[in-house]
Enquirer: 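My structure is below; once you've seen it, I'll send some questions.
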Amino acid sequence: LAIRPVTAVRHGLGAMAAGDLTARVEVSSGDEVGQMAGALNQAAESLRSTVASTAGSAAALAAAAEQLSGSSE
């Protein structure tokens, strides 16, 4: 039985659900559980990248709004 890999995937999902997008699950096989672990790692990386990009866009927008506010005064 593949209890340990399934538990690792569950822990990885729990970490992601708690907001930890840096957690990774070790992929040690090519079976269905290994494929799930790989997909989980890809999803976490994709979300981390999206969050970082969104944060960068928000910072740029805030800076632009501050400049506009300063110009209008």
Side-chain angles (χ1 to χ4, degrees):
L1 292 175
I3 298 301
R4 236 181 240 151
V6 170
T7 301
V9 170
R10 183 174 54 88
H11 285 272
L13 286 168
M16 188 187 295
D20 181 2
L21 301 179
T22 63
R24 295 292 177 262
V25 178
E26 184 178 332
V27 180
S28 58
S29 69
D31 63 6
E32 290 88 351
V33 176
Q35 291 172 11
M36 283 191 325
L40 175 61
N41 290 339
Q42 289 176 338
E45 180 58 32
S46 178
L47 281 172
R48 190 201 60 74
S49 178
T50 299
V51 168
S53 176
T54 301
S57 295
L61 182 59
E66 190 173 315
Q67 285 181 336
L68 286 173
S69 177
S71 300
S72 67
E73 289 178 359

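Being a predicted model, the structure only gives us computed values, none of them experimental.
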Enquirer: Among residues at least two apart in sequence or on other chains, which ones pass salt bridge (Lys or Arg N to Asp or Glu O under 4.0 Å) with Arg10?
Expert: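 Residues passing salt bridge (Lys or Arg N to Asp or Glu O under 4.0 Å) with Arg10: none at all.
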
Enquirer: Under 3.5 Å, which donor-acceptor pairs link side chains of residues 53-60 to any protein atom two or more places apart or in another chain?
Expert:
unit_1	atom_1	unit_2	atom_2	d
Thr54	OG1	Thr50	O	2.8
Ser57	OG	Ser53	O	3.2

Enquirer: For residues Leu40 and Val9, report the shortest heavy-atom separation together with the two atoms involved.
Expert: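 Shortest heavy-atom separation between Leu40 and Val9 comes out as CD2-O, 3.7 Å.
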
Enquirer: Tell me which donor-acceptor pairs under 3.5 Å the side chains of residues 15-29 have, and how far apart each pair is, sequence neighbours excluded?
Expert:
unit_1	atom_1	unit_2	atom_2	d
Asp20	OD1	Thr22	N	2.9
Asp20	OD1	Thr22	OG1	2.5
Asp20	OD1	Ala23	N	3.3
Arg24	NH1	Leu21	O	3.1
Arg24	NH2	Glu45	OE1	2.8
Ser29	OG	Asp31	OD1	2.7

Enquirer: Side chain of Ser46, backbone of Gln42: donor and acceptor closer than 3.5 Å?
Expert: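 Not at all, since once roles are kept as given, no pair shorter than 3.5 Å links the two residues.
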
